[in-house]
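Reading through the structure tokens given below for one structure.
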2 protein chains.
Amino acid sequence: MMFSKACEYGIRAAVYIALQSLEGKRVSVAEIADEIDSPVAFTAKTLQQLTRNNIVKSIKGPSGGFEIEKEDMDSVKLSMIVKAIDGDGIYMGCGLGLKECNANQPCPLHDKFADIRSNLRKMLTNTSLYELATGLEVGLTYLKR
Amino acid sequence: MMFSKACEYGIRAAVYIALQSLEGKRVSVAEIADEIDSPVAFTAKTLQQLTRNNIVKSIKGPSGGFEIEKEDMDSVKLSMIVKAIDGDGIYMGCGLGLKECNANQPCPLHDKFADIRSNLRKMLTNTSLYELATGLEVGLTYLKR
DNA sequence: ACAATAAAAGACAATTTTGTCCTATTTAAT
DNA sequence: ATTAAATAGGACAAAATTGTCTTTTATTGT
């Protein structure tokens, strides 16, 4: 709706990886896809984007899988995941798709959107994977259904 | 970015139609597409959706075209256009794509998104075509570039 | 009645997104 | 060294979105 499917899967996957990493567990794509209810192969592709962007760490071979260092969890923000997969158009681009839309030459929605996009940008840049993972850990939030 | 291309064109087209209707002018698809810088045939399709939803009025034949009654302009809200083309998922659905995401079983972003989506919904349901068209009329906003 | 004009409708094409499958590469364990 | 387990990468397929083109329908003006 707001993000692409790939981005939705990417965020859910990252949160699940973080959750498991908090408990010192490394997870496979198969397990991730199962736990976040997403297509395995497609999720694998999406995870590749995240590893290339150093958002999650992948280890090949037996007992390999995905993980996120505990000390990185706090510095990895949602905005980094979204940007890696969808780009920053959601919170940077014009709501009506104009190339040149700014305070000087605003589209009719420019001012109306300003606050919303600003809040969205702030939320995404301030929310860390750690925060999301701990919410899950405590059993307050869910990744499927 | 936020809306589909069809929806972007739809909004821009509706605003342009409203602007011209304010001056008592009826406009053709060709003129609309030219003025909002969009593909003609595709814009025509999108306009069909708006006419079916009684958001704009279309008149066939010579000196026909699209228009919006002045008295309707104020009651036509952005949310109606968006809903007619993209559905209401942007401001009603879950940010992470979960089917069942609510206060009881929230996704990790549910609370973080609550305000943003609520503001977006309010903005869309409160903003009328009249308001947008008059901004254009005064020369404060733009529909292309 | 006829010709011209404009939207409606439908078939088709291109592109992007979403998704699958097979092979290659890396690594751990025996 | 060999085998097995895991991600990486590439080719392909399906579906959705975006876009074009042609024909039909309605309406106006002559």
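In what follows, chains carry the letters A, B, and so on, assigned in the order in which the sequence lines appear, proteins first and then strands, with residues in each chain numbered from 1.
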Legend entry - Pairwise 5' ranking along DNA chain C for A:Lys60 and A:Lys5, keeping only the more 5' one: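 It is A:Lys5 whose nearest nucleotide is closer to the 5' end.
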Legend entry - Residue whose closest nucleotide on DNA chain C lies nearer the 5' end, A:Ser63 versus A:Cys7: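 Taking each residue's closest nucleotide, the earlier one in sequence belongs to A:Cys7.
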Separation of [N] [atom2] from [X] [atom1] (nearest whole Å):
X       : N      : atom1 : atom2 : answer
A:Phe42 : D:dA16 : CZ    : P     : 14 Å
B:Ile17 : C:dA7  : CD1   : C1'   : 12 Å
B:Ile85 : D:dA16 : CD1   : P     : 19 Å
A:Gln49 : C:dG19 : CD    : C1'   : 14 Å
B:Arg52 : C:dA8  : CZ    : C1'   : 8 Å
B:Lys45 : C:dC12 : NZ    : P     : 13 Å
A:Met2  : C:dT17 : CE    : P     : 17 Å
B:Asp34 : C:dA6  : CG    : C1'   : 17 Å

Inset, instruction - Would you kindly compare B:Asp86 and B:Gly61 by the position of their nearest DNA chain D nucleotide and give the one closer to the 5′ end? - result: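 The 5'-side residue here is B:Asp86.
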Taking 4.0 Å as the cut-off, does a side-chain nitrogen or oxygen of [X] come that near to OP1 or OP2 on [N]?
X       : N      : value
B:Thr51 : C:dA8  : yes
A:Tyr9  : C:dT18 : no
B:Ser58 : C:dA8  : yes
A:Arg26 : D:dT7  : no
B:Ser28 : C:dT5  : no
A:Gln48 : D:dT7  : no

Inset, instruction - Classify the nucleic acid contact of B:Leu47 as base, sugar-phosphate or nothing, counting any heavy atom under 4.0 Å across all strands shown. - result: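 Contact class for B:Leu47: none.
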Inset, instruction - Identify whether any heavy atom of A:Val56 sits under 4.0 Å from a base atom; if not, whether one sits that close to sugar-phosphate; answer base, sugar-phosphate or nothing. - result: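 No contact.
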Legend entry - Minimum-distance nucleotide (side-chain atoms of B:Phe66 versus D:dA8, C:dA7, D:dT18):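 Out of D:dA8, C:dA7, D:dT18, the nucleotide with an atom closest to B:Phe66's side chain is C:dA7.
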Legend entry - Closest nucleotide among C:dT18, D:dT27, D:dT20 to the A:Ala6 side chain: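 So the side chain of A:Ala6 is nearest to C:dT18.
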Legend entry - Crowding at OH, B:Tyr91 (>12 non-hydrogen neighbours, <6.0 Å):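 It does: B:Tyr91 OH has more than 12 such atoms within range.
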Inset, instruction - Return yes when atom NZ of A:Lys83 has more than 12 non-hydrogen atoms of other residues, nucleotides or ligands closer than 6.0 Å, and no otherwise. - result: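 Not buried by this count: 12 neighbours or fewer within 6.0 Å.
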Inset, instruction - Quick one: pull up NE2 in B:His110 and SG in B:Cys94 and give me the separation to the nearest 0.5 Å. - result: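 One gets 8.0 Å once the value is rounded to the nearest 0.5 Å.
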Inset, instruction - First locate atom CG of A:Asn119, then atom CG of B:Leu120, and finally report the distance between them rounded to the nearest 0.5 Å. - result: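 Rounded to the nearest 0.5 Å, the CG-CG separation comes out at 11.0 Å.
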Legend entry - Parallel, tilted or perpendicular, as decided by the 30° and 60° cut-offs, for the rings of B:Tyr9 and B:Phe42: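 Plane angle over 60°, so perpendicular.
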Legend entry - From CA spacing to verdict: salt bridge (charged side-chain N to carboxylate O under 4.0 Å, His left out), A:Arg26, A:Glu67: CA-CA 5 Å; A:Arg26 204 174 272 169; A:Glu67 65 178 26; 3.0 Å; yes
